[in-house]
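The next block holds one structure in the form of C-alpha cells; read it before the comments.
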Amino acid sequence: MPPKVPSVEICKGVQMPMFGLGTYFQPEVGDATKWAIDAGYRLIDTAELYRNEEEVGKAIKEKISQGAVKREELFVVSKVWCHHHREMDVVDACLKSLQKLQLDYLDLYLIHAPFAVNYRGDDKFFPYREDGVLDTNEVDFMETWNGMEKCVEMGLVKSIGISNFNTQQIDRILAEGKVKPANLQIELNPQLTQKDVLKYCKEKNISVMAFTPLGRPNFETKTPAFLFDDRVLNIGKKYGKNASQVILRYLIDCGTCPIPRSVNKQRIESNFDIFDFQLTPEEISTIDSFNENKRYTKFTDAKGHQYHFLPLEAFD
C-alpha cells in the first residue's frame, strides 16, 4: 500500500492532499494520470489551457471504474483561462471543464491568471492583434471572482482560488469578495523561493500549491543548479534519496503542495517516495540559499497590463 499523503483543510470541510501530479502541456497524460493514481497520488492538477482535460478525465474514470480509487478520495483541480474572465462566462467555462473531465464537481477551481484576453475561440488562448501585441482587455479580476463564487453557490466546485496572483491582488479579493480564496498556485522551487508570499499566505490562512517545483531539469546542461549541487546530493545520500526527492520534500517542509509533472512511470513513482523522511532546519536553509528570484513563467506578452501578476523588476 502506498503511503497516505498528508492533507490540509483549505476551507470548511475540504481537505487538500499536500502533493499531486501536474499535467501542464503533457503528452500521454492519460497514462501518467493512471500511473500516478496507482502510485498513491490523489491530487491531479489540470487546466483549460493545458488542452488535456478530456484525457485526464478519461483516465480518472477508468481508475474509478476499476475500483482503484473512489471519486471522493481524489482532489481534482482545474482553472478558468483568461478569455473567460467575464462573470457570465466563468460558469460556462467551469461546466465545459466538468464535461471534459466527466465529473460532477471540481475540488478546486482557480483563476489561471489575473489579466484578461479577448475571446477568439476555445482554442485561441493567446490571441494577438495585427501589430503582434497580445489582445488583452480590462475585465476586472473581481468580476471573474464573482463568477467563481457563483460556481461555489451552484455546487460545481468545492473550493476556489487563484493562480499567478500577487499579494496586492489577493488583498483586493479578501476585501471585496464574499468567498475567501482557498489556494494560491504559484511557481515555487529553490531558485524562486518566494518566502514573502509564503509568509503572507500563512498569515491569511491560504494554502499554496507549487508548480514547476523542480525547475525545468536538463541533464545535459545540468540545470537548474540545485538538482546537481553536491550539497543537495549529500542531503539525499543521508536519507537514501535522489535530488528531486530532496527538493520535493523541501517544498512540503516549507508548507507547500508541490505538483511535479512527468510522463515517466518510474519518475512518477520516485517523486512520490518522499513521505518517510523530513529535512532539518539547517538542510532547509541550505536549499533556501539557491534562491535567485529567477522565474520560468513570466507571461511576458502581458507585460504592462494593469492586472499583470509580476512586478516590473521581474523582467530586469
Side-chain angles (χ1 to χ4, degrees), residues 1-10 14-22 35-45 73-75 77 107-108 182-215 217 224-262 264-293:
M1 288 289 292
K4 185 176 181 180
V5 179
S7 64
V8 62
E9 187 174 53
I10 61 173
V14 179
Q15 293 283 334
M16 184 183 78
M18 291 301 286
F19 188 79
L21 178 73
W35 293 332
I37 290 173
D38 287 341
Y41 290 65
R42 291 299 177 259
L43 186 155
I44 308 295
D45 176 79
E73 295 173 335
L74 292 174
F75 193 96
V77 185
D107 298 276
L108 176 62
N183 180 264
L184 170 66
Q185 186 178 120
I186 51 174
E187 181 179 346
L188 202 69
N189 55 61
Q191 71 179 23
L192 182 66
T193 57
Q194 303 217 58
K195 293 293 186 179
D196 53 340
V197 180
L198 290 181
K199 180 182 178 182
Y200 169 91
C201 287
K202 185 176 181 179
E203 292 172 351
K204 304 296 183 182
N205 197 27
I206 297 171
S207 63
V208 177
M209 198 177 300
F211 71 78
T212 320
L214 300 174
F226 58 78
L227 285 177
F228 303 91
D229 191 279
D230 285 343
R231 289 168 290 175
V232 174
L233 296 175
N234 287 334
I235 292 171
K237 288 178 182 177
K238 172 183 173 181
Y239 297 107
K241 303 295 178 180
N242 61 38
S244 295
Q245 291 168 327
V246 170
I247 299 307
L248 293 172
R249 183 69 228 189
Y250 158 81
L251 290 167
I252 289 177
D253 289 343
C254 287
T256 76
C257 168
I259 47 170
R261 61 180 184 142
S262 178
N264 179 288
K265 186 174 185 289
Q266 184 178 4
R267 197 166 296 121
I268 287 170
E269 293 171 348
S270 174
N271 286 344
F272 191 76
D273 186 20
I274 56 174
F275 298 105
D276 57 353
F277 75 109
Q278 187 172 352
L279 300 180
T280 67
E282 292 75 20
E283 290 163 345
I284 290 173
S285 294
T286 295
I287 299 174
D288 282 341
S289 69
F290 289 98
N291 182 54
E292 302 175 33
N293 293 321

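FYI, side chains are in, hydrogens and waters are out, and symmetry mates aren't considered; it's all heavy atoms of this structure. This structure is a prediction, so every number in the text was calculated from the model and none was measured.
- Note: Asn183 CG to Met16 CE = 5.0 Å, rounded to the nearest 0.5 Å.
- In this structure, Ile259 CD1 and Leu21 CG are separated by 8.5 Å, a value rounded to the nearest 0.5 Å.
- Applying the salt bridge (Lys or Arg N to Asp or Glu O under 4.0 Å) test to pairs two or more places apart or on separate chains, those with a residue in residues 224-247 are Asp229-Arg231, Lys238-Glu283, Lys241-Asp273, Lys241-Asp276.
- Side chains of Phe272 and Val5 form a contact here, defined as non-hydrogen atoms less than 4.5 Å apart.
- Under the side chain to side chain donor-acceptor pair (under 3.5 Å) criterion, Asn205 pairs with no residue, sequence neighbours left out.
- The side chain to side chain donor-acceptor pair (under 3.5 Å) test applied to Gln245 returns Ser270, not counting sequence neighbours.
- Closest approach of Cys257 to Pro17, counting heavy atoms only: SG-O, 3.4 Å.
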### Message
Checking Tyr250 against Val232 for the side chain to side chain contact (heavy atoms under 4.5 Å, CB included) test, could you report, in this order, the C-alpha distance in whole Å, the side-chain angles of both residues, the deciding distance, and whether it holds?
### Response
CA-CA 11 Å; Tyr250 158 81; Val232 174; over 6 Å; no

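- Counting only residues at least two apart or in different chains, salt bridge (Lys or Arg N to Asp or Glu O under 4.0 Å) contacts with residues 243-258 comprise Arg249-Asp253.
- For Thr256, the side chain to side chain contact (heavy atoms under 4.5 Å, CB included) partners two or more places apart in sequence, or in a different chain, are Leu188, Leu198, Val208, Ala210, Leu251, Pro258.
- Every residue two or more places apart in sequence or in another chain was checked for a ring-ring contact (aromatic ring centres under 6.0 Å, His included) with Phe226, and none qualifies.
- In this view, Gln15 and Ser7, Glu9 satisfy the side chain to side chain contact (heavy atoms under 4.5 Å, CB included) rule, not counting sequence neighbours.
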### Task
Please assess Phe75 against Val14 for the test side chain to side chain contact (heavy atoms under 4.5 Å, CB included), listing each intermediate value before the final yes or no.
CA-CA 9 Å; Phe75 193 96; Val14 179; 3.8 Å; yes

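- Considering CD of Gln278 and OH of Tyr239, their distance stands at 8.5 Å, rounded to 0.5 Å.
- Looking at heavy atoms from C-beta onward, Asp45 lies in side-chain contact with Gln185 at the 4.5 angstrom threshold.
- Note: Phe19 CZ to Leu43 CG = 10.0 Å, rounded to the nearest 0.5 Å.
- The main-chain N or O of Glu187 is found under 3.5 Å from a side-chain atom of Gln194 such that the two form a donor-acceptor pair.
- In this view, Ser244 and Leu214, Leu227, Asn242, Asn271 satisfy the side chain to side chain contact (heavy atoms under 4.5 Å, CB included) rule, not counting sequence neighbours.
- Considering CD1 of Ile252 and CG of Leu279, their distance stands at 10.0 Å, rounded to 0.5 Å.
- To the nearest 0.5 Å, atoms CD1 (Ile287) and OG1 (Thr193) are separated by 11.5 Å.
- By the salt bridge (charged side-chain N to carboxylate O under 4.0 Å, His left out) test, Lys265 is found to be paired with Glu269, residues two or more places apart in sequence or in another chain being considered.
- Nearest heavy atoms, Ser207 versus Ala182: OG-O, 2.7 Å.
- Residues Ser262 and Trp35 fail the side-chain proximity criterion, which asks for heavy atoms closer than 4.5 Å.
- Within the structure, the salt bridge (Lys or Arg N to Asp or Glu O under 4.0 Å) test picks out the following pairs touching residues 192-215 (sequence neighbours left out): Lys195-Asp288.
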